[in-house]
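Chain naming here is simple, since letters A, B, ... match the order of the sequence lines and numbering starts at 1 in each.
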Amino acid sequence: MPFESLLPKNWDHESEEAPLYAKWEHSGGFQPQGDGEPFAILLPPPNASEAIHIGNAMYTIQDILIRRARMQGKRAFWIPGTDHAGFETQVVFEKKLEKEGKSRFDFDRQGFYDAVMAYTKDNQSTIIAQLKSMGFSLDWSHLYFTLDPKIVDAVKASFKRLHDDGLIYRGERLVNYCTKHQTAFSDLEVEHTETEGLLWKLRYPLTDGSGEIIVATTRPETLFGDTAVAVHPDDTRYSSIVDKMVKLPLTERTIPIIADQMVDPKFGTGAVKITPAHDLHDFEVASRHDLPSIQVIDLRGKLNDNAPEAYRGLKVKPAREQILADLTAQGFLVGSSTHTSSVATCYKCGTVIEPLPIPQWYLKVRDADPAKNLAELGKEAVASGKITVVPERFQTVFLNWMDGLRDWNLSRQVWWGIPIPAWQCAQCHDWTVTAGDTPPRCNQCGSHELTPDPDVFDTWFSSSQLPYAVLEEFGPEFLETFYPHAVMETGHDILTWWVARMIYLGIYLRGEVPFKAVYLHGMITDRQGKKMSKSKFNVIDPLTITAKYGTDALRMALVVGNSPGQSMAMYEEKIRGFRNFSNKIWNAGRFVLTSLEAYAGPSFSEPSEAGQSAVADQLLTSVTEATTEANRLLDQWKIGQAGEFLYDYFWHTFCDRFLEELKPALQGSDTAAQQALGYSLAQLLKLLHPYVPYVTEALWQHLRQLDPQLSELIMVADWPTT
RNA sequence: GGGCAAUUAGCUCAGUUGGUUAGAGCGCUGCAUUCACAUUGCAGAGGUCACUGGUUCGAACCCAGUAUUGCCCACCA
């Protein structure tokens, strides 16, 4: 059949893409094949309960890496999965409930969990379909979900092991607590925002009647939790009254004046009230001076029974107003001044974080024993080059981060997630940790009165174990073969949340780095360089784009003109340009196909002998050079540059120059020139295939009709080398 | 307060580690249509490479500093 009538003038992505994907998937080529070098990439799991967003479209980089590896004959294994995204999903789900006039408290705990599970599973099929439509060559026969029983078991077993090794402990300290979401957070989940506030000066009279001390505070409502007033040891203004007692306003309680280095004599009045239960500094001062701690704010952000009756049950803000009014009335308020400070807020809802004394499970990141020093183990892996970081500058970011690493709070007061396998004894209050099974008795005193910890793990604790937990889920031979993974490709924004934790947990728990390289891409922004967010109405939905311009166009637009770690603007005109490129490839292919319709020469899979045409010879040389250049860039992780190079080469050298110059040869019977042309096209399609898989595969299928020796799919064709 | 990045054409950005006249896409100007592709081709205009010094035979690139923007980290009550 003549190609001319067979092939439409324009690349028809709409009708071509889905059948091609089905063909790939059914071929089994997405699964690791043969016995080449193992090359695994774990898909950073998208949130199962959300639709795909433009950030997920950046998985294109992984697809490019995996498709090239596959063509290079490696055992390419790209592992798909979805994330239960504990807290994130619970927030979304609760918002949905709120719209229905319900809350999670309308469910019992299991009922709620089941409802979220159903909701999540429901959405999961949507996101899988969306990932497929992006052309991603993921091995769907090995799909994981972060709450798969085996993964859950692995996470609990790790917790037990870390606990037994002394790296997990029950920390009695202040935690970052969001009173709206009713859960604690790690330091990472707290955002600091500059806020203009007031600094009040309060008069605390000395009990011996010899005077008073004026303290400066931004939080007068915590006054009932004060257990001391602190001044700097060298501050001569106060040296004579250190160790004297003062009477706490609005109460009958007396507290001491103490001296501590922490106090900045130049700030405020040089005297600060110490509220160990509600301030991180004060907590430390209290532990140095052995001061008691009195909690006056409860988990809902209201004053509790430790406050005088008049204030109990008031939320922080009204309580503050009431207390200030009373202090003023009784002459304790000396004055106030404006004051800018950075206030800790919940990264999700913006509620001011309340530091509260709640015991939680912590992972100890430093230890005197080098074999247990997680922070140093992680550092060493990167510093020594066992893990390559791309771009390089993030290596410094990583190392600096590890230097400042602090113990990690693993507990979340959330219902959706993996329950922490710990039980508290009603008798001795000690904790018994297992790998999941309910313990028969308390490890400490043998009592049978055990209560399970109601908390769940921080999602990142489980996701940080995915590199091995997922492989183990598939079977021990997978861990054996594919660990460590070839590369972890993700956004630079989660270097600290996720990548760092995967590294040190992988090294400690499995004795080897989880991946050999980390590739960090930048964030996608709108044309003005602003972050995309639903509330700004500047989001680009990847599926709308692919429907309009084709998947290949979006894929090119995402990687070309971008370098790792650098944020990148995305807008429609840019994508349109790459739609034109898809079409250019299509038409170049169409032209070659129609020109060679009657071709009966040697296969296109090998370069021809020296041809009769000088132009054909130049073409072969040129394609060889282009192949070298593309490989050189790709070997240096320069995916964007390689893409741009191939774009430019194909369009302006192959098409504009060689196709034009070879037109005369195609009219005649210069078989050598024709073979050179067919060969060159095949090579270029292969080089382009990881970037624009659909249009290249579509053409390849037609090219095979001229040359049955070509592989069945370009997806598994031999990668061009020189 | 500390750290990291960015600053190159009207716009969005590359620039392969110091080497001729600094590149691309979009936009703009002019020309071309029975030609694989107008989702095209050819030609062209457009840049003091943020600024100031320094190193060098030679700097967009290296060094020191300045400015602006963005991001990350940080417990000043």
Expressed as a whole number of angstroms, how long is the span from A:Arg657:CZ to B:C42:P?
13 Å
Whole angstroms only, please: what is the CG-P distance between A:Leu646 and B:A14?
18 Å
is_close_aromatic(A:His339, A:Phe267), centroid dist under 6.0 Å
yes
Do side-chain atoms of A:His278 reach the backbone of A:Leu356 as a donor and acceptor pair under 3.5 angstrom?
no
State which residues pass ring-ring contact (aromatic ring centres under 6.0 Å, His included) with A:Trp586; sequence neighbours excluded, sorted by chain then number.
A:Trp11
Can you find a donor-acceptor N/O pair under 3.5 angstrom joining the side chain of A:Gln641 to the base of B:A24?
no
Result for 5'-nearest mapping on RNA chain B, choosing between A:Gly589 and A:Glu629, is A:Glu629
Please list, chain by chain and in numerical order, all residues satisfying ring-ring contact (aromatic ring centres under 6.0 Å, His included) with A:Tyr694, sequence neighbours excluded.
A:Trp24
Check whether the ring centres of A:Phe654 and A:Phe658 lie less than 6.0 Å apart, and answer yes or no.
no
Calculate the interatomic distance between A:Gln636 atom CD and B:G15 atom C1'; express it in whole Å.
14 Å
B:A60 - base-pair partner by Watson-Crick or wobble geometry, distances under 3.5 Å:
none
Within the 4.0 Å heavy-atom criterion, would you say A:Asp656 contacts the bases, only the backbone, or no part of the nucleic acid?
sugar-phosphate
Begin from the C-alpha positions of A:Thr551 and A:Thr546 and carry the test side-chain hydrogen bond (donor to acceptor under 3.5 Å, both in side chains) through to its verdict.
CA-CA 5 Å; A:Thr551 301; A:Thr546 53; 4.6 Å; no
Could you measure between the two C1' atoms, the one in B:G46 and the one in B:G25, and give it in whole Å?
15 Å
Between B:A24, B:C76, B:G41, which nucleotide has the shortest distance from any of its atoms to the side chain of A:Glu644?
B:A24
Quick one: side chain to side chain contact (heavy atoms under 4.5 Å, CB included) partners of A:Thr217, sequence neighbours excluded?
A:Leu202, A:Arg219, A:Pro220, A:Lys273
Can you tell me the pairing partner of B:G27 across any strand shown, Watson-Crick or G-U wobble, with both distances under 3.5 angstrom?
none
Indicate whether the side chain of A:Asn176 and that of A:Asp187 have a donor and an acceptor atom separated by less than 3.5 Å.
yes
What about A:Lys9, does its side chain sit under 3.5 Å from the base of B:C37 through a donor-acceptor pair?
no
Classify A:Arg406 by what it touches in the nucleic acid, base, sugar-phosphate, or nothing, heavy-atom distance under 4.0 Å.
sugar-phosphate
Below 4.0 angstrom from OP1 or OP2 of B:G25, is there any side-chain N or O of A:His652?
yes
Whole-Å distance between B:C76 P and A:His232 NE2?
18 Å
Mind checking the C1' distance from B:C42 to B:C35? Whole angstroms is fine.
14 Å
Indicate, with a heavy-atom threshold strictly under 4.0 Å, whether A:Val215 touches base, sugar-phosphate, or nothing.
nothing
Just checking A:Lys663: does its NZ atom have more than 12 heavy atoms from other residues, nucleotides or ligands closer to it than 6.0 angstrom?
yes
For B:A74, which nucleotide is its Watson-Crick or G-U wobble mate, given both distances must be under 3.5 Å?
none
Heavy-atom nearest nucleotide on RNA chain B taken for A:Trp651 and for A:Lys663; more 5' hit belongs to A:Lys663
Just how far, in rounded Å, is P of B:G25 from OH of A:Tyr647?
6 Å
Rounded to the nearest Å, what distance is computed from the CH2 atom of residue A:Trp586 to the P atom of nucleotide B:A36?
16 Å
When both distances are under 3.5 Å in a Watson-Crick or G-U wobble arrangement, the nucleotide paired with B:U40 is B:A32
Paired nucleotide for B:C49 [Watson-Crick or G-U wobble; both distances under 3.5 Å]:
none
For B:U7, the nucleotide meeting Watson-Crick or G-U wobble distances (both under 3.5 Å) is B:A67
Look at A:Arg576 and B:G25 and indicate whether a side-chain polar atom (N or O) is within less than 4.0 Å of OP1 or OP2.
no
The correct set of residues in residues 268-280 of chain A placing a heavy atom under 4.0 Å from RNA chain B is A:Val272, A:Asp279
Measure CD/A:Glu284 against P/B:C76 and give the value in whole Å, please.
13 Å
Verify, without hydrogens or angle tests, whether A:Asp235 (side chain) and A:Pro265 (backbone) share a donor-acceptor contact under 3.5 angstrom.
no
Enumerate donor-acceptor pairs with a distance under 3.5 Å from any side-chain N or O in residues 391-399 of chain A to protein atoms, sequence neighbours excluded.
unit_1, atom_1, unit_2, atom_2, d
A:Arg393, NH2, A:Gly565, O, 3.4
A:Arg393, NH2, A:Gln566, OE1, 3.3

Could you measure between the two P atoms, the one in B:U7 and the one in B:C62, and give it in whole Å?
11 Å
Provide a list of protein-nucleic acid N or O atom pairs under 3.5 angstrom, restricted to nucleotides 2-6 of chain B.
unit_1, atom_1, unit_2, atom_2, d
B:A5, O2', A:Gln566, NE2, 3.4

If you check every side-chain atom of A:Ala216, which of B:A36, B:A77, B:U12 has the closest atom?
B:A77
Expressed as a whole number of Å, how far does the P atom of B:C49 sit from that of B:U20?
16 Å
Would you call the rings of A:Phe581 and A:Phe578 parallel, tilted or perpendicular if under 30° counts as parallel and over 60° as perpendicular?
perpendicular
C1' atom, B:A22 versus B:A36: distance in rounded Å?
34 Å
Does any N or O in the side chain of A:Asp407 come within less than 3.5 Å of the main-chain N or O of A:Val365, such that one atom is a donor and the other an acceptor?
yes
Inter-nucleotide P distance (B:A59, B:U21), Å rounded:
11 Å
Atom-to-atom span, CD of A:Glu189 to P of B:C72 - whole angstrom:
15 Å
Would you say B:C72 has OP1 or OP2 under 4.0 Å from some side-chain N or O of A:His492?
no
Which nucleotide wins on minimum distance to the side chain of A:Lys584, given the candidates B:C73, B:U40, B:A77?
B:U40
B:G23 to B:U66 separation - C1' atoms, rounded to the nearest Å
29 Å
Same-atom distance (C1') from B:G18 to B:G58, integer angstrom:
8 Å
Go ahead and name the base partner of B:U21; Watson-Crick or wobble counts if both distances stay under 3.5 Å, otherwise write none.
none
